[in-house]
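Encoded as C-alpha cells, the structure appears first; notes follow it.
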Amino acid sequence: MSLGPSGVPTGASTSPPANDPRVPVILRMRRGAGWFLTIAVLSGVNTLLQAFDAKIRFIFGLGITQVVDAIAHRSGQNGMIMMIAVDGLFIVLLILCSRWARTGSPGAFLGGMIAYALDGVLLLLFSMWIDAAVHAYALWRIWDGYSASRELAQMQLTSQPGLSQPKLP
C-alpha cells in the first residue's frame with residue numbers, strides 16, 4: 001500500500017462522509033463567501049475596462065470603484081495611478097473578506113456585507129437603480145452564506161468534541 005503526502009493511502013477518499021449533516025451547510029457558507037471574490041474580480045475587470053476606455057462594464061462591480069475611475073479618468077496620468085491604488089485597495093479587501101468568510105468568520109461576512117451595502121447606497125445616490133438591485137441580490141446571497149456560517153458554528157458547538165470540520169475540495 002502506498003501513502004500520499006498527507007499520510008492517507010493513495011486510493012482512499014479524503015472527502016467527508018456523505019451523511020455528514022455539515023456538508024450542505026459548509027457548501028452554502030462557501031457559496032456566500034464566493035460572492036465577495038466574484039465582486040472583486042469583476043470590479044478589477046471593470047477598472048481595466050475603464051483604463052482602456054471600453055464602453056462596457058460588469059454590473060456586479062463596486063460602485064465606489066466606478067466613482068474613483070470616473071474621477072481618475074478626468075485627471076490624466078496621476079489619476080490612473082490613483083485609480084489603480086484605490087481600486088486595488090477595495091479589491092484586496094473583498095478578496096480578504098472572501099478568504100476569511102470561506103473559513104466561517106462571521107466578522108468577515110458582516111464587515112463585507114456592511115461595506116457592500118454602503119456601496120449600494122452610493123449607487124442609489126447616483127440613481128443607478130439596476131446596479132443597486134443587483135447589489136441587493138448579491139447581499140442576499142452573501143447573507144445566506146453568513147447564516148450558514150452561524151448554523152455551522154452552532155452545529156459544531158452541539159456536536160461531539162472529537163468531530164472536526166470536514167475537508168472539502
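This structure is a prediction, so every number in the text was calculated from the model and none was measured.
Between Glu151 and Met29, every side-chain heavy-atom pair lies at or beyond the 4.5 Å cut-off. Using a 4.5 Å heavy-atom cutoff, the side chains of Met80 and Ser75 are not in contact. Contact of the His73 side chain with the Met83 side chain is not registered, since no non-hydrogen atoms from C-beta on lie closer than 4.5 Å.
Contact detail for Gly61 and Tyr116: the closest heavy-atom pair is O-OH, 4.4 Å. Shortest non-hydrogen contact noted between Gly120 and Ala132 is O-CB, 4.2 Å. What you find for Ala101 and Ala108 is that their closest heavy atoms are N-CB, 3.6 Å. When all heavy atoms of Trp100 and Thr103 are compared, the pair lying nearest together is O-OG1, 2.6 Å.
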Checking Ser147 against Arg28 for the side-chain contact (heavy atoms from CB on, under 4.5 Å) test, could you report, in this order, the C-alpha distance in whole Å, the side-chain angles of both residues, the deciding distance, and whether it holds? CA-CA 9 Å; Ser147 298; Arg28 213 172 87 228; 4.1 Å; yes

Are Asp119 and Phe90 close enough, and set up right, to give a side-chain contact (heavy atoms from CB on, under 4.5 Å), and what steps lead you there? CA-CA 11 Å; Asp119 191 70; Phe90 285 108; over 6 Å; no

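A continuous path of Ile, Leu, Val, Met, Phe, Trp and Tyr side chains, each step under 4.5 Å between heavy atoms, connects Ile56 with Ile39, placing both in one hydrophobic cluster. Criterion: ILVMFWY side-chain heavy atoms under 4.5 Å apart, direct or through other members. Under it, Leu118 and Ile142 are not part of a common hydrophobic cluster. Leu94 and Ile114 are assigned to two separate hydrophobic clusters, defined by single-linkage of ILVMFWY side chains at heavy-atom distances under 4.5 Å. Note on Ile84 and Leu93: separate hydrophobic clusters, where clusters join Ile, Leu, Val, Met, Phe, Trp and Tyr whose side-chain heavy atoms are under 4.5 Å apart, directly or indirectly. Under the 4.5 Å side-chain heavy-atom criterion for ILVMFWY residues, a single connected hydrophobic cluster contains both Val86 and Val67.
Separation of atoms CD (Gln50) and OG1 (Thr65) is listed at 9.5 Å; rounding is to 0.5 Å. With values rounded to the nearest 0.5 angstrom, Arg30 atom CZ is found 6.5 Å from Ile26 atom CD1. Going from atom CG of Leu62 over to atom OG of Ser43 covers 3.5 Å, rounded to the nearest 0.5 Å. Residue Met82 holds its CE atom at 8.5 Å from CG of Asp87, rounded to the nearest 0.5 Å. Here the straight-line distance linking atom CZ of Phe109 with atom CE of Met113 works out to 7.5 Å at 0.5 Å rounding. The distance from the CD1 atom of Ile59 to the CG atom of Asn46 is 10.0 Å, given to the nearest 0.5 Å.
In this structure a side-chain-to-backbone donor-acceptor pair under 3.5 Å is missing from Ser98 to Phe36.
Atom CD1 of Ile130 sits in a sparse spot, with 12 or fewer heavy atoms from other residues, nucleotides or ligands closer than 6.0 Å. Residue-environment remark: CZ (Arg150) stays at or below the threshold of 12 foreign heavy atoms within 6.0 Å.
Here the two rings, on Trp35 and Phe60, have centers that are under 6.0 Å apart.
Comment: Asp144 does not engage Arg31 in a salt bridge, judged by the lack of any side-chain N to carboxylate O separation of less than 4.0 angstrom. Checked for salt-bridge contact, Arg57 and Asp131 meet the test: a charged N lies under 4.0 Å from a carboxylate O.
Shown are Leu48, Thr47, Leu49; of these, the side chain to side chain contact (heavy atoms under 4.5 Å, CB included) with Val45 is made only by Leu49.
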